[in-house]
Amino acid sequence: MALPSQILYPGAQQRPQATAHLAQTMSLLGLNAQELNARIEAALAENPALELLEGRHCPSCGRTLRSGASCQACTQAKAQGDEPLVFLAPTDSGFSAEGRSGEELPEDYTGAQPETLGTYVLRQIATELDPLEQEIAAHILTGLDEDGLLTFPLLEVARYHHVPLVVVEEVVQRIQQADPLGVASSSPTEALLVQLKSLGNQAPNAELCAKAIREGMTMLGKRQYAELGNLLGVSKAKAEQIADFITQNLSPYPARAHWGNLGTPNADAPSTYSRPDIAIRQQEDQRLVVEVMWPLRGLLRVNPLFQQALREAPEDKAEQWKLDLEQANLLIKCLAQRNHTIVRLMQILAVLQRHFITAGDAYLKPITRASIADELGVHESTISRAVSGKSVQLPSGKIVPLSQFFDRSLHIRTALKQIIRAETQEGKTYSDTKLARLLEQQGFAIARRTVAKYRMMENIEPAHMRKAQAA
DNA sequence: CTATGGCACGGATT
DNA sequence: AATCCGTGCCATAG
């Protein structure tokens, strides 16, 4: 059954379910992977007709899936010419209609991506460990998910190798010091703390940072700087500074963001603390690969046994069960459509913002959600919901909110920072008025007052302060 | 007098 | 209908 939205919308009167369907699709679209996960878990708990296959096999190709990731090999859709590949999440058995038009991938993906992270880390530390420790390390490293976090408790490892927990913990500590710093932590919080600690006194306000990470993670994620300031007992501006430092220098998912190249000149752009909902990477042949995350470890479907049971249902339950079944089908259908919408959105965005994705902030084109809605033939609010709350990981490793793809001024702000960075090297300081003129030469006609706004957005001090700083 | 930040308005966007 | 954004005007600091 194909499920193009065009068919569902006009048919609303004929299908009494359609309004419910629409309402639910919309509410799901606004959720990010994390929230969706919670939503589905709730549904699983209260609806007996739903079933989660934990086996994590792709319904179409049977490959084993790695946790949380989409099934890359079988659900890819290869667009023609210049367009990027889009890898989808595996959809539910009956509704994998979208995005499967492409031919099979030539190379074997499970082969192309072996346990590189694990072996990479092990190679670094192998010499420091004795044979038993090596074995333990190997055991631990095979248990990493693709974020570089641990998937099982250390106690399990200890029991398996018949050693006290301390020994395992010690090995973990060594691993955490290896290259993706903080790898093999059991939570994003722990990973951040490890990284912070290794920075030592290079980190200003180390204690405050640590406290922010330990107790203020939710605030960090939501950017509630005022609340964070309260927690730490500092001003909002200070809290913002701390959050900035953390986002720029630490990575909650060690295996994801690049840790190595600290030297990136434009070391800002906010990053979100939730796991990305979408990941974009670039292949050697320059093409972009967009991966939409599936929030569950497993396959959600209607329990076939439940369907059977319905036929022999006792009178008093029959009504309720039928309802459950409808609900379950609806949920699955809506999930499929949610995916569909996000994928179509990303297909357009990947083409439109290719330069931004590959080359950085300066190349962001100002586009509006409305224009995308127009192009896709959906309502503006659909795009709004699809964008809100989602985060994307760029090929550079940065995790940014999807809404940044629609930032109207990021490219100008980047140019502004560029000018100011050069300015300090030449020993000059430009006033806002001069900055406005300089930007105009680059083709950005903005008012002097706006320059000031942008400066503040980027936490750049006014001209006279910068002058003092340079001296 | 110059450089900035605050406030608020109007138009665009969501 | 609510929110965001660029700007102009005005007060204040240097």
Side-chain angles (χ1 to χ4, degrees), chain A residues 5 9 22-23 25-32 35 222-226 235-238 240-241 268-270 272 277-278 338 341-342 344-346 348-349 352-353 356 361-362 364-392 400-417 419-420 423-424 426-471:
Chain A
S5 45
Y9 286 63
L22 264 180
T25 304
M26 275 168 51
S27 68
L28 290 183
L29 190 56
L31 305 177
N32 62 27
E35 294 158 344
K222 293 180 187 167
R223 292 164 211 232
Q224 299 161 332
Y225 298 127
S235 70
K236 182 182 173 191
K238 184 89 180 174
E240 215 165 310
Q241 233 178 47
D268 63 330
T272 315
D277 302 283
I278 295 152
R338 171 187 184 273
T341 307
I342 294 179
R344 290 203 302 161
L345 169 67
M346 289 313 296
I348 290 193
L349 281 184
L352 237 45
Q353 299 288 27
F356 162 67
D361 295 352
L364 182 77
K365 273 198 238 165
I367 56 175
T368 66
R369 293 165 172 77
S371 66
I372 304 290
D374 198 40
E375 203 158 329
L376 281 179
V378 300
H379 196 274
E380 301 172 356
S381 66
T382 307
I383 303 297
S384 265
R385 290 184 176 284
V387 169
S388 78
K390 315 287 190 304
S391 57
V392 186
V400 303
L402 183 55
S403 57
Q404 191 169 313
F405 280 64
F406 299 89
D407 192 312
R408 272 188 273 174
S409 57
L410 184 63
H411 61 297
I412 307 185
R413 298 205 303 273
T414 313
L416 178 66
K417 278 186 297 184
I419 294 177
I420 292 181
E423 159 210 86
T424 34
E426 294 164 23
K428 299 174 189 168
T429 36
Y430 301 123
S431 72
D432 285 354
T433 320
K434 277 182 189 151
L435 287 171
R437 268 205 287 279
L438 288 171
L439 281 170
E440 197 175 2
Q441 285 171 19
Q442 294 188 28
F444 303 124
I446 55 169
R448 176 232 109 211
R449 191 62 190 75
T450 311
V451 173
K453 288 265 185 199
Y454 287 173
R455 258 197 313 101
M456 288 208 288
M457 288 174 88
E458 301 295 341
N459 280 322
I460 300 173
E461 296 181 298
H464 54 277
M465 299 292 293
R466 299 204 301 275
K467 198 166 192 170
Q469 229 174 40

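Just the heavy atoms: all of them, side chains too, but no hydrogens, waters or symmetry mates, feed the values below. The chains referred to below are lettered A, B, ... by the order of the sequence lines, with proteins before strands, and numbering in each begins at 1.
B:dT13 atom P lies 20 Å from atom CZ of A:Arg385, rounded to whole Å. Atom CZ in A:Arg369 sits roughly 12 Å away from atom P in B:dT13 (whole-Å rounding). Atom CG of A:Asn459 and atom P of B:dG5 are 12 Å apart (whole Å). Atom CD in A:Glu380 sits roughly 11 Å away from atom C1' in B:dA12 (whole-Å rounding). To the nearest angstrom, C1' of B:dT2 lies 11 Å from NZ of A:Lys434.
Heavy atoms of A:Arg455 sit under 4.0 angstrom from primed sugar atoms or phosphate atoms, though from no base atom.
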Identify all pairs in which a protein N or O lies below 3.5 Å from an N or O of nucleotides 12-14 of chain C, and state each distance.
none

Please tabulate, for side-chain N and O atoms in residues 436-454 of chain A, each donor-acceptor pair with protein atoms closer than 3.5 Å (sequence neighbours left out).
none

5' to 3', nucleotides 3-8 of chain C under a 4.0 Å protein heavy-atom cut-off (B base, S sugar-phosphate only, - none) gives --SSBB

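In this structure, the side chains of A:Ile460 and A:Lys417 come closer than 4.5 Å at one or more pairs of heavy atoms. Annotation: side chain of A:Leu345 is not in contact with side chain of A:Thr382 (no heavy-atom distance under 4.5 Å).
Atom OG1 of residue A:Thr414 and atom CD1 of residue A:Ile419 lie 11.0 Å apart, to the nearest 0.5 angstrom.
A:Lys365 is linked by a salt bridge (Lys or Arg N to Asp or Glu O under 4.0 Å) to nothing, counting only residues two or more places apart in sequence or in another chain. Residues meeting the salt bridge (Lys or Arg N to Asp or Glu O under 4.0 Å) test with A:Arg455, sequence neighbours left out: A:Asp432. Applying the salt bridge (Lys or Arg N to Asp or Glu O under 4.0 Å) criterion to A:Glu240, with sequence neighbours excluded, gives no partner residue.
Between the side chain of A:Glu35 and the main chain of A:Asn32, a donor-acceptor pair closer than 3.5 Å is present.
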